[in-house]
Amino acid sequence: MKSDLVEQASAIFNDPQILINVVSQRVRQLNNGRSPLVDTLPSMGAADIALTEIIEGKIKIEEPADN
């Protein structure tokens with residue numbers, strides 16, 4: 001995992017725990033056969049792909065609705 005990607009994604013998800021959870025879930029999806037939402041290079045691992053997707057705005061989280 002590239003540290004520059006982590007820093008860029010941290011600017012989008014300020015809470016490190018949320019970032020970890022989003023990346024972990026997306027890595028699981030990629031490892032289970034889901035297609036990447038961004039152009040990839042052979043040198044990119046699943047975590048790098050997930051971080052790049054977050055940076056490029058392809059992955060977002062919904063805030064829970066107040067009831």
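Scope of the values below: all heavy atoms of this structure, side chains included, with no hydrogens, waters or symmetry mates.
If you check the side chains of R28 and Q25, you find no donor sitting under 3.5 Å from an acceptor.
Linking Ile, Leu, Val, Met, Phe, Trp and Tyr residues whenever their side-chain heavy atoms come within less than 4.5 Å leaves V6 and M44 in two separate clusters. Hydrophobic clustering, with ILVMFWY side chains joined whenever heavy atoms are under 4.5 angstrom apart, keeps I55 apart from V38.
Summarising the geometry, atom CD1 belonging to I61 is positioned 11.0 Å from atom CD1 belonging to I12; distances are rounded to the nearest 0.5 Å. In this structure, the separation between NZ on K60 and CD1 on I54 is 12.0 Å, given to the nearest 0.5 Å. Taken to the nearest 0.5 Å, the CG atom of L30 stands 5.5 Å off from the CD1 atom of I49. Atoms CZ and CD1, from F13 and I20 in turn, are 12.5 Å apart once rounded to the nearest 0.5 Å.
When atom types are taken as modelled, the side chain of E53 and the backbone of L37 share a donor-acceptor pair closer than 3.5 angstrom. For the pair D48 (side chain) and K2 (backbone), a donor-acceptor distance under 3.5 Å is present.
The nearest pair of heavy atoms linking S10 to L19 is OG-CD2, 3.6 Å. Between R26 and S35, the shortest heavy-atom distance links the atoms NH2-O, 3.0 Å. When all heavy atoms of I59 and A50 are compared, the pair lying nearest together is CD1-O, 4.4 Å.
Dense packing is recorded around CG of N31, with more than 12 heavy atoms of other residues, nucleotides or ligands lying under 6.0 Å away.
Considering V22, N21, N14 as possible partners of I18, the one that fulfils the side chain to side chain contact (heavy atoms under 4.5 Å, CB included) test is V22.
In this structure the side chain of Q8 never reaches within 4.5 angstrom of the side chain of L51, judged on heavy atoms.
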